[in-house]
Amino acid sequence: MTEYVIETTDLRKTYPGNIMAVKGIHLQIKQGEIFGFLGPNGAGKTTTIKMLSTSITPTSGFAKVMGYDIVRDSMQVRRNIGVVPQDLTTDEDLKAVENLRMVARFYDLPNGPSNKKIDELLALVDLADVGNHYVRTFSGGMRKRLELIMGLVNEPKVLFLDEPTLGLDVQTRAKMWDYIKKIRSELGVTIILTTHYLEEADELSDRICIIDHGNIITIGTSAELKASLKGDTIIVETKDEESLKEISGFSESVEEPIINGKEIRLTVKDADSDLPLLMDFMIKNGITPMKMSVQKPSLDQVFLKLTGNEIREESGESAFKQAINMRRLRK
Amino acid sequence: MKLPSFVRLTVRNIRVNMDPGTMMFMLGLPALYLAVLGVMFEGLITSVPGPNGPISYITFLAPGIIGMQALTAGNIGGGMLWADRRWGMFEQILVGPFRRIDYLMGIMLLAVIFSVTGSTIMAALAFYTSAHLFVTPANIILLFITLAIGTTFFSSLFLIFAVKIKSMNAYNTITIVLFFFLDFASPSFYPITSKTPVALKAFIDINPLSYIVYSARDILSYNQPYSSLGPLLVIFIITMVFLGLAVKLYGNVQTGV
């Protein structure tokens with residue numbers, strides 16, 4: 001087997017009505033990676049995940065998971081993967097351990113080893129004390145943690161997490177991130193993550209894939225994606241617009257200054273070294289700033305730049321309809 | 001020992017349906033029908049005419065309640081698909097080590113197991129309430145076949161609803177109304193006589209539950225197993241049609257509702 005646990009070549013999915021959800025994806029994901037899929041609603045990320053987890057069949061193209069073809073060897077793929085869906089699928093009328101044992105029986109795992117595994121998994125997400133409690137007594141965060149380990153009972157090599165922290169409060173979300181990192185570090189599982197939360201992708205993913213309109217827009221580490229924005233932004237507000245024009249030429253390193261009213265946005269390579277130069281320039285030229293701030297590149301900016309939020313908002317209704325249609329078709 | 005995939009799913013289906021609500025629906029309600037209606041009407045209806053002479057009302061009622069187990073269990077089986085689709089479990093199962101056909105067989109087998117188990121309990125309760133039932137090895141086998149076919153029919157019917165109906169309210173409303181009509185517009189509780197209203201009689205004639213009850217009654221109350229073959233053939237033919245349709249629709253069903 002190659003070093004990649006997931007490889008796809010020109011993977012496509014077209015739904016009835018000639019709706020092209022995924023338009024030819026090429027991916028290579030390494031063993032032990034946390035790989036994040038980011039994209040707006042209806043971008044094609046969930047369809048991609050569903051194809052890779054054998055839930056739906058691709059229209060064309062090719063993909064292997066753990067060396068097995070997702071179409072021809074789908075049962076082998078399924079034995080090597082775990083899927084944690086957005087929905088809460090645990091049975092409320094069963095205890096946590098009973099839910100986990102049920103999954104163990106799905107895979108025909110022997111009682112002894114699977115019970116030991118279940119104890120370990122409960123301990124991994126700090127649910128050992130409530131393993132014998134009914135799921136209906138669990139909080140939302142506890143149920144999410146249980147869902148997380150439900151996908152690990154069969155000791156998968158690849159774990160698909162679909163919006164693992166959707167609807168959780170900030171504290172619980174942060175805790176979930178710790179658990180996900182722990183799963184990777186302690187179990188060596190490759191994790192494929194889809195999320196709407198940019199900070200989640202930033203925090204967890206070794207590499208991030210931004211997908212939109214069924215195409216991969218970019219793939220890279222968080223740092224690489226941020227670096228693609230070509231530097232930091234210095235924002236200066238002055239009393240008059242004339243001063244802004246002077247400021248725009250303070251250094252040759254400034255790229256594409258944008259003046260908006262009494263505010264100027266200067267893109268510079270490194271604000272830490274350029275800011276003192278700008279201050280010095282303004283003092284020498286008698287320019288008094290009303291406000292000054294520095295904006296470091298964020299994944300939000302990368303995302304908006306690549307997926308074109310402005311255009312999406314203008315055609316908000318059609319984008320929303322498209323997202324709803326995609327969701328309906330995926331099901 | 002490695003269990004076949006569909007058996008593992010059946011075990012799961014049994015486990016998740018052992019909740020008090022389902023048990024009450026499957027066993028409690030028919031037991032109440034048998035005990036309360038049986039005892040209450042026994043005082044009003046002293047006997048019901050039969051091919052071998054009059055029988056007691058409780059002896060008449062017991063096969064009706066047993067036949068209804070096919071409807072109840074079929075509803076539980078078919079309803080599982082709807083619930084599993086609604087709560088995301090269907091998709092979870094299909095990304096596990098199962099084929100679609102395993103899931104289908106799992107719910108069909110669950111329904112038959114529930115139907116046979118429920119019928120056995122109802123028969124025992126009927127004995128306890130002084131019903132006179134003809135329990136012979138041949139009758140048991142024939143009744144099992146009747147129940148298995150009848151349950152497969154109702155599982156197929158509810159499976160079709162589970163595939164086609166999108167909203168929980170619509171699904172619940174349709175199944176509750178259907179349950180009421182199928183149960184009460186059937187010969188389960190009362191004999192069909194010349195005094196039965198024509199419209200009701202027409203509905204009873206097209207009600208598949210009627211044929212299951214006729215067959216069960218021929219076997220258990222009248223000890224006329226050969227007479228049961230006629231209604232059994234009717235329900236078999238209907239079952240084949242509905243099973244075929246259900247399998248076809250199920251093959252293309254989306255994982256979510």
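By convention in this document, chain letters (A, B, ...) are assigned in the order of the sequence lines, proteins followed by strands, and residues within each chain are numbered from 1.
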When rounded to the nearest 0.5 angstrom, what is the spacing between [atom1] in [X] and [atom2] in [Y]?
{"X": "A:L88", "Y": "B:W87", "atom1": "CG", "atom2": "CH2", "result": "9.5 Å"}
{"X": "B:M89", "Y": "A:T90", "atom1": "CE", "atom2": "OG1", "result": "9.0 Å"}
{"X": "B:R8", "Y": "A:F106", "atom1": "CZ", "atom2": "CZ", "result": "9.5 Å"}

Sidechain-backbone polar pair: B:D19 side chain, A:D93 backbone, donor-acceptor under 3.5 Å: no
In terms of heavy-atom contacts, does [atom1] of [X] have more than 12 from other residues, nucleotides or ligands at under 6.0 Å?
{"X": "A:F62", "atom1": "CZ", "result": "yes"}
{"X": "B:F25", "atom1": "CZ", "result": "yes"}
{"X": "B:M40", "atom1": "CE", "result": "no"}
{"X": "B:F189", "atom1": "CZ", "result": "yes"}
{"X": "B:M168", "atom1": "CE", "result": "yes"}

Part of A:Q76 within contact of chain B (heavy atom distance under 4.5 Å): neither
Can you find a side-chain donor-acceptor pair between B:E91 and A:S55 that sits under 3.5 Å? yes
Taking only heavy atoms into account, what residues of residues 93-108 of chain B are found under 4.5 Å from chain A? B:I93, B:L94, B:V95, B:G96, B:P97, B:F98, B:R99
Test log, rule side-chain contact (heavy atoms from CB on, under 4.5 Å), inputs B:Q92 and A:D87: CA-CA 10 Å; B:Q92 277 298 89; A:D87 299 314; over 6 Å; no
Taking C-beta and beyond as the side chain, do A:R105 and B:L3 meet within less than 4.5 Å on heavy atoms? no
